[in-house]
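Contents: one structure, followed by commentary.
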Amino acid sequence: NSFVWSNERPAWYFFSQAEPIPAEIAAQIGLDSAVTPVTYADGQTAALQFQLEPDQLDWMPQHTAVLSFRNAPEFIGYDLPEELYRGDTISLLTHWQLPADMPQLPNQLTFVRAELLDGNGNLWASDSKLFGYPQEHWQTGDRIVQRLELPIPEGMPPGSVFLRFFVHDAAGVNYERLDDKANRFGPHLVRSRPLVNFTPTADMLVFNGEIALQASTFSTLIAPGLPLNISLNWVTLQPPAEDYRVELQLIQPGATEPFLRQQFAIWPDLYPPSQWQVNEQVISLHRLDIPLDMPTEVAPELSLFLLDADGRSLPITQGSNKLADLTLDLRERLFDVPAISQPTSVQFGESIQLLGYDLDTSQAQAGGVIGLTLYWQALTTPADNYTVFNQLLGSDGQIWGQFDSPPVGAAWITRTWLPGEIVIDERAIPVHADAPTGQYTLAIGLYTASDGTRLPVVVDGVSQPNDQLNLTTIDLPSE
C-alpha cells in the first residue's frame, strides 16, 4: 500500500507475484510493460524487478493540498475516483514528500489516517495505515504514495463530502501540525447507484409521480415524551421539481385534525430533493418529538405527507400515506414519596433533585458489587437526557469502581419526567478485583452523554466541587 520514489536517484523494486501492487499504483508507474522476472536456478520466477530512472515518473496528485507535520513527510495532495457511491469502498491515494529540513529519525511506527465527513462535519468513514517507508531511509525530496481505503456506508446521505488527513503514532496521538491551514478538502459528491429497471409495486406510496417511498423503518411503540426516530427510503421516479419537505402527523382514529404536525427539510445544504437523480435511492432520517401531554385515550395513526414550498401537500399518485397504527406504552408514574433509608435534599441543575438513597454494602469487597438505589424527583421536566455516574474513589482520587447509565437503564429518560414525578433508580456498582482494603468515597452525578458536561450540584445552597456529590463513605474489608 506504499510506493516510494525519488526524482534524483534511480531505484529498483522487487515484489512477489503473489502480492501484486494495487492497480491504481501499477498503472501510474508503468508496471504492465517494464517488469523483469528474477528466476530461481530451475527457471521459476522468484520475484519481479522494476527499475525507475530519475525524472521518469511525473506523478502529481489529482487534488492539490498542503499540510505540514513535525517529524513527518509533508502532505501534498490525493487521488480519488471520479465517482463516489454509497456502499462502495474507495481507494484513496495520498501523496507525501520529504521536506528539505527533515531531521534524521530512528524507525518508529508512523500512521496515516484519512476521514470522510459530510457537509455538517459528521464522520462517516475513516482508515489508518502504517507508513510503508521506514524513517531511517527517508531522504530529502523522496516522494511517497500511501494507499488508504474508505468504506462509504449505505446509510450515508448523498451529497457533498470532505476529506481530512492526519499523521499519528501507534497510540493514536496526532503529530503536531506546523501550519494553520484548514484540514478540510473538497467538496466531492457521493451518490447512490441508480436502480436498474425500477418499477414501484402496486401498494407503494408515490407522490405526484415523482418520488416513491420504497420503505420506512421505525418503532410502532410510542410513549409520551419519548422521541420516535423514523427512516424513510425514497426512490426518485422523475426529477423532483423543487426541494420538498416531509410532514409527519399523529392523528387519533376518527378525528378530523391531527394532534401533532412536524415538518422536516430533507438533507438541506447537503443533498436536497431537487438534486436527486432518476432511479436514485435516498434515505432521510427524522425525529418526531412526541409531546408529554399527548392524548392517550386511544392509540394514534402515523401519516406522511410531502409539501411544496408553499406548504401544499403533493398529490398521492398511488398507495396510502398512512404509515402505521401505533401502540401506546403508558408507564405508571410515582408522585408520592416512598420510604427512604437515607433522605437527602440535593439539587442537580435546575430541574432534578435527589430525595435520598438506599445503600447495600453486603457485597462491598474487591471483585464484589455495591447496591445503590437513588430516589430522583423532577422539579420541572428536564431539558435534556442525562446519564448518572457512580464512582468509588480511593483517598488518592483513583477510581476503583464505576457504573454509568441513564436512570433505570434508559427506561425513564429524563426528558420524559413530569414535574413532581419520583423515579426510583436501582444500580449495581462493580468493585475492581484488585481494590485494596480501606475507606472509599462513593460519588454520584449527572452529565449529558453528548459532550460529558456535568450538571452543577448544590447542597444547602453550596455548589459542590467537580460538579459531583460525595454521597457517603464505604469500607472495603480485607479478605
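Note that this is a predicted model, so its numbers are computed, not measured.
- In terms of heavy-atom proximity, Pro456 sits nearest to Asp467 at CA-OD1, 3.6 Å.
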Test salt bridge (Lys or Arg N to Asp or Glu O under 4.0 Å) on Arg177 and Asp180; report intermediate values, then the result. CA-CA 7 Å; Arg177 286 274 305 280; Asp180 57 359; over 6 Å; no
What do the steps show when you test Gln377 against Gln353 for side-chain hydrogen bond (donor to acceptor under 3.5 Å, both in side chains), and what is the final call? CA-CA 5 Å; Gln377 186 176 44; Gln353 70 174 347; 2.7 Å; yes
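- Between Arg147 and Glu149, at least one side-chain N (NZ, or NE/NH1/NH2) sits under 4.0 Å from a carboxylate O, which counts as a salt bridge.
- Side-chain atoms of Gln146 do not come within 3.5 Å of backbone N or O of Thr94 as any donor-acceptor pair.
- Taking OG1 of Thr373 as the start and CD1 of Ile424 as the end, the distance is 8.0 Å to the nearest 0.5 Å.
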Worked verdict on Gln464 versus Asn466 for side-chain hydrogen bond (donor to acceptor under 3.5 Å, both in side chains): CA-CA 7 Å; Gln464 301 301 291; Asn466 301 320; over 6 Å; no
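- Note: Leu248 CG to Arg287 CZ = 13.5 Å, rounded to the nearest 0.5 Å.
- Heavy atoms of other residues, nucleotides or ligands lying less than 6.0 angstrom from CG of Asp336 number 12 at most.
- When the shell of 6.0 Å around CD of Gln263 is examined, it contains more than 12 heavy atoms from other residues, nucleotides or ligands.
- Other residues, nucleotides and ligands contribute more than 12 heavy atoms inside 6.0 Å of the CG atom of Asp451.
- Annotation for Leu116 and Leu123: closest pair O-CD1, 3.5 Å, computed over non-hydrogen atoms.
- Side-chain atoms of Met294 and Pro300, non-hydrogen and from C-beta on, do get closer than 4.5 Å to each other.
- A donor-acceptor pair is defined here as one N or O able to donate and one able to accept, closer than 3.5 Å; no such pair exists between the side chain of Ser192 and the backbone of Val282.
- Nearest approach of Phe162 to Gly119, heavy atoms of both residues: CE1-CA, 3.9 Å.
- At least one donor-acceptor pair under 3.5 Å links the side chain of Thr381 to the backbone N or O of Trp417.
- Of the N and O atoms on the side chains of Ser284 and Trp267, not one donor lies less than 3.5 Å from an acceptor on the other residue.
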May I have the step-by-step check of side-chain hydrogen bond (donor to acceptor under 3.5 Å, both in side chains) for His95 and Asp79, ending in yes or no? CA-CA 8 Å; His95 289 249; Asp79 298 347; 3.2 Å; yes
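- Atom CD of Glu242 is separated from atom OH of Tyr244 by 5.0 Å, given to the nearest 0.5 angstrom.
- Distance check, rounded to the nearest 0.5 Å: CG of Leu228 to CG of Leu326 gives 7.0 Å.
- More than 12 non-hydrogen atoms from other residues, nucleotides or ligands lie less than 6.0 angstrom from CD of Gln318.
- With contacts defined as side-chain heavy-atom distances shorter than 4.5 Å, the pair Ile340/Tyr357 does not qualify.
- A donor-acceptor distance shorter than 3.5 angstrom exists from the side chain of Arg143 to the backbone of Trp59, with no hydrogens or angles considered.
- Within the 4.5 Å cutoff, the side chain of Ile352 has no heavy atoms near those of the Leu379 side chain.
- A donor-acceptor pair shorter than 3.5 Å cannot be found between the side chains of Asp404 and Thr387.
- Side-chain polar atoms of Asp358 and Tyr375 form a donor-acceptor pair below 3.5 angstrom.
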Between Ile90 and Leu84, does a side-chain contact (heavy atoms from CB on, under 4.5 Å) hold up when you go through it step by step? CA-CA 7 Å; Ile90 62 173; Leu84 308 179; 3.9 Å; yes
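- Heavy-atom minimum distance, Ile413 versus Pro227: CD1-CD, 4.4 Å.
- Not a single donor-acceptor pair under 3.5 Å links the side chain of Arg415 to the backbone N or O of Asp384.
- When all heavy atoms of Thr220 and Asp325 are compared, the pair lying nearest together is CB-O, 4.3 Å.
- The ring of Phe165 has its center closer than 6.0 angstrom to the ring center of Tyr78.
- Cation-pi geometry between Arg454 and Tyr386 is not met: the NZ or CZ atom fails to fall both under 6.0 Å from the ring centre and inside 45° of the normal.
- With contacts defined as side-chain heavy-atom distances shorter than 4.5 Å, the pair Val457/Val346 qualifies.
- Using a distance-only test at 3.5 Å, with no hydrogens or angles considered, no donor-acceptor pair links the side chain of Ser128 to the main chain of Arg113.
- Contact check on Arg86 versus Glu154 returns no salt bridge, with no Lys/Arg side-chain nitrogen under 4.0 Å from an Asp/Glu carboxylate oxygen.
- Using a 4.5 Å heavy-atom threshold, the side chains of Val235 and Leu195 count as touching.
- Cation-pi geometry between Arg191 and Tyr85 is not met at under 6.0 angstrom from the ring centre and within 45 degrees of the axis.
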Hey, mind stepping through Leu354 and Ile444 against side-chain contact (heavy atoms from CB on, under 4.5 Å) and telling me if it holds? CA-CA 11 Å; Leu354 181 69; Ile444 70 168; 3.8 Å; yes
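- At a threshold of 4.5 Å between non-hydrogen side-chain atoms, the residues Leu150 and Trp124 do not count as touching.
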Can you check side-chain hydrogen bond (donor to acceptor under 3.5 Å, both in side chains) on Gln214 and Gln281, steps first, answer last? CA-CA 9 Å; Gln214 188 179 35; Gln281 290 179 299; 2.7 Å; yes
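- When side chains are defined from C-beta on, Leu232 does not count as touching Ile283, because their heavy atoms never get closer than 4.5 Å.
- Put simply, the side chain of Asn208 never gets that close to the backbone of Glu210: no donor and acceptor are under 3.5 Å apart.
- For Thr344 (side chain) and Gly356 (main-chain N/O), a donor-acceptor pair under 3.5 Å exists by modelled atom type.
- The backbone N or O of Tyr271 lies less than 3.5 Å from a partner atom in the side chain of Trp276, making a donor-acceptor pair.
- Neither side chain, Gln97 nor Glu74, offers a donor N or O lying under 3.5 Å from an acceptor on the other.
- Shortest non-hydrogen contact noted between Leu260 and Pro291 is CD2-CD, 4.0 Å.
- For the pair Leu93 and Phe3, the minimum side-chain heavy-atom distance is 4.5 Å or more.
- Side-chain polar atoms of Asn279 and Gln277 form no donor-acceptor pair below 3.5 angstrom.
- Using a cut-off of 4.0 Å between Lys/Arg side-chain N and Asp/Glu carboxylate O, Arg427 and Asp425 are scored as salt-bridged.
- Using modelled atom types, no side-chain atom of Asn321 and backbone atom of Phe305 make a donor-acceptor pair closer than 3.5 Å.
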Test log, rule side-chain contact (heavy atoms from CB on, under 4.5 Å), inputs Leu392 and Ile399: CA-CA 6 Å; Leu392 190 65; Ile399 297 174; 5.9 Å; no
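- For the pair Asp88 and Arg193, the salt-bridge criterion is met [side-chain N within less than 4.0 Å of a carboxylate O].
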